[in-house]
Number of protein chains: 2
Amino acid sequence: MTVTMEDVAREAGVSRALVSIVFRDVEGASTATRERVREVADRLGYRPDQRARQLGRRRTRLVGVTYAVHLPFHGELVEALYAAAAPTGWDVMLSPVTARRDETTAVESLLDHRCEAVVLLGPSLPSRALDLLFARVPTVVVARSVPRRTVQVVRTDDAAGARAATEHLRSLGHRRIALVDGGRAPGAAERRRGYRAAMRAGGLDDVALVPGGPTEHDGEAAGEALLATSPRPTAVLAFNDDCAMGLLNTVRGAGVRVPSDLSVVGYDDTAVAGLRAVSLTTVGQDPDALAHLAVTRAIALAEGDAASAEQVVPPHLVVRSTTAPPP
Amino acid sequence: MTVTMEDVAREAGVSRALVSIVFRDVEGASTATRERVREVADRLGYRPDQRARQLGRRRTRLVGVTYAVHLPFHGELVEALYAAAAPTGWDVMLSPVTARRDETTAVESLLDHRCEAVVLLGPSLPSRALDLLFARVPTVVVARSVPRRTVQVVRTDDAAGARAATEHLRSLGHRRIALVDGGRAPGAAERRRGYRAAMRAGGLDDVALVPGGPTEHDGEAAGEALLATSPRPTAVLAFNDDCAMGLLNTVRGAGVRVPSDLSVVGYDDTAVAGLRAVSLTTVGQDPDALAHLAVTRAIALAEGDAASAEQVVPPHLVVRSTTAPPP
DNA sequence: TTCGATGACTAGAGCGCTCTAGTTCGAGGT
DNA sequence: ACCTCGAACTAGAGCGCTCTAGTCATCGAA
């Protein structure tokens with residue numbers, strides 16, 4: 001049916017081992033033979049079978065990735081992960097977590113394929129489960145901090161991000177700055193810390209935490225809560241861009257002008273934030289840096305390197321048009 | 001290192017073949033032995049190696065899926081595909097296409113893993129390339145129609161969707177109804193046809209096609225173009241929800257009230273459309289139905305079934321708050 | 001008693017590769 | 001002439017499974 005290494009070897013008049021040498025690109029074949037084998041392989045349409053390769057090699061060079069299929073930011077990370085893995089010779093295997101496919105299933109499926117390391121994007125597994133997982137396979141957690149950690153963590157310095165955003169608002173003259181909290185979402189605790197620290201450092205004690213979450217829906221609810229508070233804050237830092245969008249839609253629907261009545265800052269610098277008609281001031285994470293660190297770390301762990309410390313990537317404030325001095 | 005079938009066999013005092021029988025859940029083992037093997041396997045933490053399994057089985061039972069990592073609708077389809085594949089015993093393997101990873105790469109990688117069939121979500125490959133691919137592996141194209149087709153196609157009846165949306169606007173009293181075109185995007189041609197047909201059937205000859213595309217950015221541009229036309233349409237059918245969002249933001253920014261000044265209809269019934277603060281009238285596709293047909297078809301093809309005709313899933317109009325009678 | 005039948009289990013080849021431990025051979029040194 | 005050495009190549013044993021073609025009791029029927 002499908003053409004194997006055997007076919008190529010026969011057709012080229014060499015041994016299977018030789019074809020293997022050529023395709024692994026290791027030394028042990030003359031240039032002339034190399035060319036002939038490649039030519040024959042191309043002619044027959046031969047492509048090495050990855051599974052057989054992995055099995056024979058006695059390792060997979062596969063890093064498994066779990067991610068939330070509906071989060072745009074995870075999409076960006078996935079793109080960056082593939083880009084980061086490409087030059088290493090390692091392969092990426094995706095395992096989505098959805099409403100109907102939980103994180104455990106996603107991870108197990110990666111292990112069943114014998115991934116040598118796994119990268120979890122913003123996992124919601126309890127940190128005990130992460131420790132257990134780490135005992136089974138080198139694990140790198142991205143975009144979430146894990147307290148008493150054994151797993152590797154690669155994340156944005158969310159405290160710094162929230163601090164920068166808060167300071168930006170304060171420097172515009174705002175004093176009543178609210179934070180739409182992310183609850184138990186990855187990064188929420190750090191953002192809270194950064195916000196609090198900046199408020200304190202700025203001499204602002206009107207710390208206002210509005211319950212929220214990572215979805216546009218959470219943003220809507222937070223928007224309504226915000227409209228009901230009095231005195232109403234003049235600026236708000238939303239947990240992320242999606243949340244900010246929901247909030248924006250809600251408060252604008254109630255006649256609040258942004259940014260003249262209310263300044264809004266998002267988080268993540270998602271694609272929507274950059275649209276001219278939205279132009280959301282936000283805190284950008286660096287997916288490429290995060291992804292690069294994550295695969296580098298994952299591969300290093302799989303190669304037997306000792307665990308290193310948590311790695312933190314600095315965020316950057318992107319000032320657009322949803323922030324202005326208070327009324 | 002990792003525990004194999006051999007280990008379980010030794011520990012349970014049976015042959016490898018017996019363990020295999022138990023794990024494949026085929027007959028040939030007594031209930032007592034089954035339980036003992038399972039118990040030992042659990043104790044040792046044994047999980048069958050998928051690659052070895054696929055290799056030994058001489059088939060993978062793997063359906064490969066390419067999708068655009070940044071499209072929310074593809075995310076929904078991916079979720080539905082996993083759900084649809086679960087009861088079949090087949091496995092899904094994802095291969096994202098991103099700005100840095102083209103469709104060809106994505107497909108090749110699936111073939112290197114010997115997927116027995118591939119499902120392409122809204123592929124942008126030319127139909128010649130699809131024919132070539134189909135010659136190599138059973139291929140199902142989802143959410144795009146392919147003209148002179150050899151590949152299997154599973155898609156929403158986009159013409160019907162556009163027609164329904166247009167008729168909804170007409171029945172509200174609109175006569176100047178514009179369509180933001182999707183250009184070469186999957187489904188665009190059908191939606192154009194449906195729109196034109198509905199306009200003609202409704203006796204409306206003011207067909208107005210505004211250039212557009214599948215992204216929020218395209219929607220913004222279309223919004224600006226729309227604001228510049230005169231007489232200005234009183235209703236607009238956007239290529240999809242993202243496009244509609246961009247358009248909404250732009251026209252609202254220019255002081256146009258929706259729906260009182262302008263009615264807007266989207267397409268896809270994405271998560272944003274359902275948010276109370278957005279509440280976009282839109283045309284819903286049925287990801288579960290599409291996914292179910294796609295995997296069913298993919299598996300059938302892989303099992304040697306003859307190609308069947310294109311399969312079309314009816315869309316449904318979701319009326320929300322962005323449509324109203326004209327001013 | 002013999003003879004299938006049937007159920008429970010095993011031996012071992014094979015899947016398409018990798019990789020170690022060779023073999024072969026021609027060139028260069030003495 | 002002989003020896004050595006390295007480059008080019010090959011044999012064959014895995015990797016962890018599946019699955020066909022058995023073997024071996026046991027049991028009911030003739």
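Letters A, B, ... are given to chains in the order of the sequence lines, protein chains preceding strands, and every chain is numbered from 1.
- Ranking C:dT18, C:dT10, D:dC17 by closeness to the B:Asp49 side chain, first place goes to D:dC17.
- Computed from coordinates, the A:Arg114 CZ to C:dT18 P distance equals 20 Å when rounded to whole Å.
- Taking only distance into account, the side chain of A:Arg16 meets the base of C:dT18 through a donor-acceptor pair shorter than 3.5 Å.
- For D:dT18, the OP1/OP2 oxygens have a side-chain nitrogen or oxygen of B:Ser20 closer than 4.0 Å.
- Put simply, B:Ser15 has a side-chain N or O that comes within less than 4.0 Å of OP1 or OP2 on C:dT10.
- Proximity note for A:Arg58 (side chain, C-beta onward) versus C:dG14, D:dG14, D:dG16: the nearest is D:dG14.
- Within 4.0 Å (heavy atoms only), A:Arg51 reaches no atom of the nucleic acid at all.
- Here the C1' atom of nucleotide D:dT18 and the CG atom of B:Asp25 are 15 Å apart, to the nearest Å.
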For A:Asp7 and A:Arg10, run salt bridge (charged side-chain N to carboxylate O under 4.0 Å, His left out): C-alpha distance rounded to whole Å, both residues' side-chain angles, the deciding distance at 0.1 Å, then the answer.
CA-CA 5 Å; A:Asp7 301 324; A:Arg10 197 182 321 108; 3.4 Å; yes
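- Going from atom CG of A:Leu55 over to atom C1' of C:dG14 covers 13 Å, rounded to whole Å.
- Cation-pi geometry between A:Arg38 and A:Tyr46 is not met: the NZ or CZ atom fails to fall both under 6.0 Å from the ring centre and inside 45° of the normal.
- In this structure, A:Thr33 reaches the D:dC9 phosphate: one of its side-chain N or O atoms is under 4.0 Å from OP1 or OP2.
- Atom pair A:His113:NE2 and D:dG16:C1' shows a separation of 14 Å (rounding to whole Å applied).
- Counting non-hydrogen atoms under 4.0 angstrom, B:Arg57 reaches the backbone sugars and phosphates but no base.
- A straight line from CD1 of A:Ile21 to P of D:dG12 spans 16 Å, rounded to a whole angstrom.
- Between B:Ser30 and the phosphate of C:dC9, there is a side-chain N or O to OP1/OP2 separation shorter than 4.0 Å.
- Side chain of B:His74 to backbone of B:Tyr67: no donor-acceptor contact under 3.5 angstrom is found.
- If you check every strand for non-hydrogen atoms under 4.0 Å, B:Ala29 touches sugar and phosphate atoms only.
- When rounded to the nearest whole Å, the span between CD of A:Glu6 and P of C:dC17 equals 10 Å.
- For the pairing with B:Glu116, the side-chain hydrogen bond (donor to acceptor under 3.5 Å, both in side chains) check across B:Arg61, B:Arg59, B:Gln54 returns one residue only, B:Arg59.
- The phosphate of D:dG16 has neither OP1 nor OP2 within less than 4.0 Å of any side-chain N or O from B:Arg53.
- For the pair B:Arg61 CZ and C:dC15 P, the computed distance is 18 Å after rounding to whole Å.
- Atoms CG and OG1, from B:Leu133 and B:Thr139 in turn, are 3.5 Å apart once rounded to the nearest 0.5 Å.
- The listed nucleotides are C:dT18, C:dC17, C:dA11; the one nearest the side chain of A:Arg24 is C:dT18.
- Look at CZ on A:Arg59: it is 20 Å from P on C:dC17, rounded to the nearest Å.
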